[in-house]
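To start, the structure under review is shown below, and the notes come after it.
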Amino acid sequence: MYILAIETSCDETAISIVKSNEAGTKCTVLSHTVLSQIDIHKEYGGVFPMMAKREHARVIVSLLEKCLRDSGLSKTLKNEVSLPKKISNKVESLLSRDGDVSAELIALFQKIEIKKIDAIAVTSGPGLEPALWVGINTALALSAITSIPVYPINHMEGHIIAATLKAGRDTSGRDVYVLPEIATPSLALLISGGHTEIVLIKKIGSYKIIGQTRDDAVGEAFDKVARMLGLPYPGGPEISRLALSARKRGDVVAKEMLLPRPMITSKDLDFSFSGLKTAVLYKLQKYPEVNQAVRELVALDFENAVADVLVKKILAAITKTSAKEVIVGGGVSANNHIREELTKALEARALLRIPDRALSTDNALMIAVTAMVHLRAGAKPKKKIIANGAWHL
Ligand code: KG4
Ligand code: ZN
C-alpha cells in the first residue's frame with residue numbers, strides 16, 4: 001500500500017510518501033521532505049499563524065511535485081491535459097483561501113499523472129488552525145483530482161508512533177521503518193512546543209491523558225527562556241548548546257541561585273512551567289552582570305530543572321499504571337540531557353522508546369506511518385475534514 005502524507009501543523013511544511021507491507025507493520029520511504037520556516041519566524045521570535053499559513057501555501061505544491069518525482073510514482077504526460085471543469089472548480093473552491101495553491105495544483109496535474117497511491121494522510125490537529133487548513137485543503141483538492149481517499153491524522157499520535165519506529169535500510173539503500181509490537185499498558189511522554197502530556201496507552205489507538213501542563217508547554221518554556229537569554233527561536237537547541245558548555249566545564253549552580261522544580265512533589269502527574277520561566281527572569285536580575293558564563297549557568301540549571309521534573313513525573317506514572325514501556329515524543333525529545341536522564345532513570349523500570357533525532361521534530365513520515373496503523377485497523381476515509389487546533393488524543 002502506498003501512502004502520501006502531508007503535515008503543516010506549525011512551522012514545517014512536510015510531505016512523505018511510503019510503501020507499506022501488507023500487514024502494515026513496516027514501510028519503505030520513497031520520499032521524505034521537510035521544509036522549515038524557522039528562518040522566517042526567527043526574526044519575530046516565534047511563530048505567527050498567518051505567516052506560517054502563507055509560507056505553507058507558498059511552497060506546498062512545489063514540495064508535492066518534488067516528493068512525487070522522488071518517489072517515482074508520478075509520470076510526466078506527453079501532452080498536457082486540462083482537468084475536467086467540474087474538478088478544477090472543486091479544487092478552486094477548496095483552496096479559495098490559499099493563494100496560488102489551486103492554480104499551481106491544477107497546472108501540476110495538467111502535466112503529470114500519478115499511479116499507485118492508495119491513501120492521502122493529512123494532519124488535521126492539534127496545531128495552528130490557519131496552518132493546518134493549508135495541508136487539509138491541499139489534501140482534499142489532491143483527492144478531488146486523483147480520487148485517492150483522505151485520512152485525517154492526529155499530530156500527537158504521529159509523535160507517539162514515530163518514537164517507536166526502528167530504522168533500517170533495504171538493499172537499494174532506501175530507509176525502512178519497522179513498527180514493533182508495543183507492550184501494554186504503556187505510557188507516552190509528549191513534550192513539544194504546544195504540549196506536555198503523559199498519556200496512558202491501553203493499546204495503539206486508545207489513549208487517555210493522565211497528566212498535563214497547567215500552563216506553558218515544556219518547549220514553549222525553552223523558547224521563552226531562550227528569548228530572555230537573548231537567543232533566537234527555536235530556543236530548545238540554543239539553550240541545550242549553552243547548557244552543554246557549562247556542563248562540560250563541570251560548573252555548579254550556587255544553592256541560592258538554583259531554580260525551582262515546579263510541582264515535583266505534587267501528588268498528581270501534572271506539570272507547570274510558567275513559574276519556572278518567571279523564576280529565570282528573577283534569577284537573572286540577581287546576578288550583578290548577565291555575561292556569557294551566567295547565561296550558560298542559567299541554561300544549565302533550567303535544563304536540569306526540566307529534566308528533573310519530567311523524570312520524577314514519568315517514574316510516578318509508571319508506578320501508578322504498571323506501564324511496561326515509555327514512549328517519548330515531540331520536539332523536546334531531541335534534547336540530549338533529557339534523553340540521557342530518562343535513559344538512566346528508566347533503565348530498571350520500563351523499556352524506553354525515543355525517536356531518532358531526525359524524527360523527533362515535526363515531519364510527515366510520522367503522519368504516514370500513523371495512517372498505516374489506522375488503515376490496518378480498518379479506518380474509513382473522510383470526505384470532509386475540519387482543522388482542529390485543540391484536538392486531544
Ligand atoms: O514537536 P515540535 O517540532 O513542534 C510542535 O509540535 O510543537 O516541537 C518544537 C519544540 C520547540 O519548542 C523547540 O524549542 C523544542 O521543540 N526543541 C527542543 C530541542 N529541539 C527542539 N527543546 C529542547 N532541546 C532541544 N534540543
Ligand atoms: Zn510536533
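All values derive from a computational prediction rather than experimental measurement. First listed ligand is number 1; within each ligand, the first listed atom is number 1.
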Are there over 12 heavy-atom neighbours, none belonging to Glu22, within less than 6.0 Å of that residue's CD?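 Incorrect, the count does not exceed 12.
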Just to the nearest 10 degrees, tell me the angle at the Zn ion (ligand 2) spanned by His155 NE2 and Asp362 OD1.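 Answer comes to 90°, rounded to 10°.
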Can you list the atoms of ligand 1 that are under 4.0 Å from a heavy atom of [X]?
| X | result |
| --- | --- |
| Asn335 | 23 (C), 24 (N), 25 (C), 26 (N) |
| Gly194 | 7 (O) |
| His159 | 1 (O) |

Is the closest basic N to carboxylate O distance between [X] and [Y] below 4.0 Å?
| X | Y | result |
| --- | --- | --- |
| Lys19 | Asp118 | no |
| Glu256 | Lys286 | no |
| Lys344 | Glu340 | no |
| Lys66 | Asp70 | yes |
| Glu129 | Lys53 | no |
| Glu113 | Lys75 | yes |

Would one find an N or O of [X], backbone or side chain, under 3.5 Å from an N or O of ligand 1?
| X | value |
| --- | --- |
| Gly236 | yes |
| Gly193 | yes |
| Gly219 | yes |
| Thr361 | no |
| Ser360 | no |
| Glu12 | no |
| Asp223 | yes |

For the Zn ion (ligand 2), what is the closest N, O or S atom on His159?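 Nearest to the Zn ion (ligand 2) within His159's N, O and S set: NE2.
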Nearest to [atom], what protein heavy atom do you find, and at what distance?
| atom | value |
| --- | --- |
| atom 1 (O) of ligand 1 | Gly331 N, 2.9 Å |
| atom 6 (O) of ligand 1 | His155 NE2, 3.3 Å |
| atom 2 (P) of ligand 1 | Asp362 OD1, 3.4 Å |
| atom 15 (C) of ligand 1 | Val332 CG2, 3.9 Å |

Give me the atom names and distance for the closest heavy-atom approach of Asp270 to Asp268. N-OD1, 3.2 Å
Closest approach of Ala345 to Leu315 (non-hydrogen atoms, all atoms of both residues):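 Of all heavy-atom pairs spanning Ala345 and Leu315, the closest is O-CD2, 3.8 Å.
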Pick out which of Ile117, Leu375, Ile17 makes a side chain to side chain contact (heavy atoms under 4.5 Å, CB included) with Ile3.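 When Ile117, Leu375, Ile17 are each tested with Ile3, the side chain to side chain contact (heavy atoms under 4.5 Å, CB included) holds only for Leu375.
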Taking both backbone and side chain into account, is any N, O or S atom of Cys10 nearer than 2.8 Å to the Zn ion (ligand 2)? no
Do Glu341 and Thr343 meet the criterion of a side-chain donor-acceptor pair at a distance under 3.5 Å? no
